[in-house]
Amino acid sequence: MADGARLPAGLALPAHGAAGLADVLPGVAVALGVPVRRGDLPADPLDLVAALAGARRVAVLLVDGLGAQLVAGHPAQAPVLTALDSPAGVLSAPFPSTTPVSLTTLGTGLPPGSHGVLGFVTEVPGTGRTLNHVQWRDDPDPELWQARPTVFEQAAAAGVTCSVVAPHAFATSGLTRAAYRGAEYVPAVSAGDLVAGMLDRLWEGRRSLVYGYTADLDLTGHVRGVDSAAWRAQLRQVDRLVEQLVAGLPADGVLLVTADHGMVDVPAATRLDTSTIDGLADGVRLLTGEPRARYVHAEPGAADDVLATWRAVLGDRAWVLSRAEAFDAGLFGAVDAGLADRVGDVLALARGSWALLDSGTEPHAAGLRAFHGSLTPAELDIPLLAARGRALR
């Protein structure tokens, strides 16, 4: 790690090729007899072969926003989740700990520096435009922006029937094409439809891999906060959904439950509006990222001055580092050629419960209660939980 990029207290580095979200689907594929290509990373660092022994049908449910610390802190609201096995312990989300980065990491089995989805909002280099990966459709072309093969493509080529059951609104999105190509997309219109669709697809083919996604817990956390009655009630709904999936598993099936990130409440006292602070706009041509993982794009020749200013102004409220320092620290894993300019010249990563808002470009964020994206354990730690079908118990 470069001098000046020493990890501050309270932050953690994401795992790459050890025990991270990127390792889940490759581990499943190996257990189903599929060789996966991951460059220099091991095929199955989680050693899921033992946990999935005898399974021919594997369902992976990703609950958006279900951080490991949130599960552990709410056993009364999540008795089913609490009782599930944990075959690999707590895993690490990638950085930034945000949905489009994590979903692409899951689908490709690769760290962000390899697949190229490097933030919630990033610059499209050379165009003067930004890309919100959640609102993405077909510009830029998803198969060029994220050109690596997915685990679904590799598994399907080996004869595994692959399906994705997720909200109908995302069926043709750019993110779906980048992260899930190779799998048949089954649109779901409700939580019940998600359960029914996942269980139905598990019966397809001699070997099956079914991935399901639900976003309501994350949305509730953002709008109401993770310390709210609404969030706890929604967690009970998630627990019931998992209970239904476990009850419906085929005898030779396994359910894995994981998440894309955790979440932290951000009170009014730890919110900074960067657009109103003297000096922070000097030399800056563009802000991207999100409130807890802010990317600062400097005017030509101004990067060093911007870095010094943001460090001085933010102090211990954020870890401020240059792009080169972030790459050297391994935040994104090894970064492929041609992808570096998608990240800002300067990164400001929130510490504690701070958030770096920008009312000029993100006015909606001021109304949210909770955020994620940075490197605190509350955001990075995610669960990997397992339930086995009757014949495998």
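Both backbone and side-chain heavy atoms feed into the values below; hydrogens, waters and symmetry mates do not.
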- SG of C162 to CD of E153, rounded to nearest 0.5 Å, is 10.0 Å
- With side chains defined as the heavy atoms from C-beta onward, is the minimum distance between S163 and E204 less than 4.5 Å? no
- Does any non-hydrogen side-chain atom of F95 lie less than 4.5 Å from one of L349? yes
- Task: Look at the side chain of D64 and the backbone N and O of D260, then say whether any donor-acceptor pair between them is shorter than 3.5 Å.
- Result: no
- Task: Report yes or no: do V117 and L110 belong to one cluster of Ile/Leu/Val/Met/Phe/Trp/Tyr joined by side chain heavy-atom distances under 4.5 Å?
- Result: no
- Per the side-chain contact (heavy atoms from CB on, under 4.5 Å) rule, which among L131, N132, T288 passes with F120? N132
- Task: Evaluate the ring planes of F327 and F332, with Trp represented by its six-membered ring, and classify them as parallel (under 30°), tilted (30 to 60°) or perpendicular (over 60°).
- Result: perpendicular
- Residue pair L245 / L199, side-chain heavy-atom distance below 4.5 Å: yes
- How about R181: does its CZ atom have over 12 heavy atoms from other parts shown lying under 6.0 Å from it? yes
- Task: Would you kindly say whether S359 and S275 are connected by a side-chain donor-acceptor distance under 3.5 Å?
- Result: yes
- Item | Over 12 non-hydrogen atoms of neighbours within 6.0 angstrom of CG in D141 | yes
- Sub-4.5 Å side-chain heavy-atom contact between D193 and H168: no
- Query: Yes or no on side-chain contact (heavy atoms from CB on, under 4.5 Å) for T258 and L61, after CA distance, side-chain angles and deciding distance?
  - Reply: CA-CA 6 Å; T258 190; L61 175 69; over 6 Å; no
- Is there a side-chain contact (heavy atoms from CB on, under 4.5 Å) between L249 and R388 once you walk through the steps? CA-CA 8 Å; L249 279 177; R388 297 164 67 84; 5.9 Å; no
- Task: Check for a donor-acceptor pair, side chain of T276 on one end and backbone N or O of D273 on the other, with a separation under 3.5 Å.
- Result: yes
- Which heavy atom of L307 sits nearest a heavy atom of L321, and at what distance? CD1-C, 3.7 Å
- Message: Keeping S173 on the side-chain end and W136 on the backbone end, is there a donor-acceptor pair under 3.5 Å?
- Response: no
- Residues in side chain to side chain donor-acceptor pair (under 3.5 Å) contact with T361, at least two apart in sequence or another chain: D358
- Query: Distance only, no hydrogens: is a donor on one side chain within 3.5 Å (strictly under) of an acceptor on the other, for T99 and H261?
  - Reply: yes
- Is there side-chain contact between T104 and P112, with at least one heavy-atom pair below 4.5 Å? no
- Within the side chain of R369, is there an N or O that forms a donor-acceptor pair under 3.5 Å with the backbone of V266? no
- So is R342 actually on top of W145's ring, under 6.0 Å and inside 45° of the axis? yes
- Output for pair (L256 CG, D85 CG), nearest 0.5 Å, gives 10.5 Å
- Verify the distance criterion only: is there a donor paired with an acceptor across the side chains of T108 and Q146 at less than 3.5 Å? no
- Message: Tell me whether R271 contacts the main-chain N or O of L357 through its side chain, where contact means a donor paired with an acceptor under 3.5 Å.
- Response: no
- Query: Are V165 and Y211 connected, step by step, through hydrophobic side chains (Ile, Leu, Val, Met, Phe, Trp, Tyr) whose heavy atoms are closer than 4.5 Å?
  - Reply: no
- Verify side-chain contact (heavy atoms from CB on, under 4.5 Å) between R137 and T172, making sure each step is shown before the conclusion. CA-CA 7 Å; R137 287 298 169 185; T172 60; 3.4 Å; yes
- Item | Under 3.5 Å donor-acceptor, E362 side chain and E290 backbone | no
Show every donor-acceptor pair shorter than 3.5 Å between a side-chain atom in residues 39-51 and any protein atom, with sequence neighbours excluded, or say none if there are none.
unit_1	atom_1	unit_2	atom_2	d
D44	OD1	D47	N	3.1
D44	OD1	L48	N	3.3
D44	OD2	L48	N	3.0

- Query: Which class fits the ring pair F371 and H222: parallel under 30°, tilted 30 to 60°, perpendicular over 60°?
  - Reply: perpendicular
- Taking C-beta and beyond as the side chain, do L62 and L103 meet within less than 4.5 Å on heavy atoms? yes
- Task: Taking D345 for its side chain and A298 for its backbone only, find out whether a donor-acceptor pair lies under 3.5 Å.
- Result: yes
- Note on the structure: The salt bridge (Lys or Arg N to Asp or Glu O under 4.0 Å) partner of D252 among R207, R390, R56 is R56
- Keeping the roles fixed (side chain from R294, backbone from A350), state whether a donor-acceptor pair exists under 3.5 Å. no
- Note on the structure: Nearest heavy-atom contact between Y185 and A166 is OH-CB, 3.2 Å
- Item | Nearest-0.5 Å distance, CD of residue Q244 to CZ of residue R240 | 4.5 Å
- Task: State plainly whether the residues R311 and E325 are in salt-bridge range, i.e. N to O under 4.0 Å.
- Result: yes
- Considering residues, nucleotides and ligands other than R129, do more than 12 of their heavy atoms fall under 6.0 Å from its CZ? yes
- L91 and its side-chain contact (heavy atoms from CB on, under 4.5 Å) partner, picked from D381, L384, D23: L384
- Note on the structure: When every non-hydrogen atom of P291 is compared with those of A365, the smallest separation belongs to CG-CB, 4.3 Å
- Indicate, with yes or no, if W354 and W310 share a hydrophobic cluster defined by side-chain heavy-atom contacts under 4.5 Å among Ile, Leu, Val, Met, Phe, Trp and Tyr. yes
- Message: How long is the straight-line distance from CG of L81 back to NE2 of H74, given to the nearest 0.5 Å?
- Response: 12.5 Å
- Rounding to 0.5 Å, atoms OG1 (T98) and CG (D218) come to a distance of 8.0 Å
- Item | Common cluster, V60/V160, ILVMFWY with side-chain heavy-atom separation under 4.5 Å | yes
- With a 4.5 Å heavy-atom cut-off, do F170 and V164 have their side chains touching? no
- Atom CD1 in I277, atom OG1 in T309: separation rounded to 0.5 Å? 12.0 Å
- Message: Quick check: closest heavy atoms across A370 and G221, and the distance to 0.1 Å?
- Response: CB-O, 3.3 Å
- Message: Do V121 and Y295 sit in one hydrophobic cluster, given that two such residues count as connected whenever their side-chain heavy atoms are within less than 4.5 Å of each other, even indirectly?
- Response: no
- So, R148 side chain and R38 main chain: donor-acceptor pair closer than 3.5 Å or not? no
- Shortest non-hydrogen contact between S114 and L339, atoms and distance: O-CD1, 4.2 Å
- Evaluation steps, side-chain contact (heavy atoms from CB on, under 4.5 Å), between L356 and L314: CA-CA 9 Å; L356 310 176; L314 296 182; 4.0 Å; yes
- Task: Would you check if the side chain of R323 reaches a backbone N or O of V343 as a donor-acceptor pair within less than 3.5 Å?
- Result: yes
- Item | Heavy-atom pair of closest approach, residues H115 and V101 | NE2-O, 3.7 Å
- Item | Non-hydrogen side-chain atoms of Y213 and P167 separated by less than 4.5 Å | yes
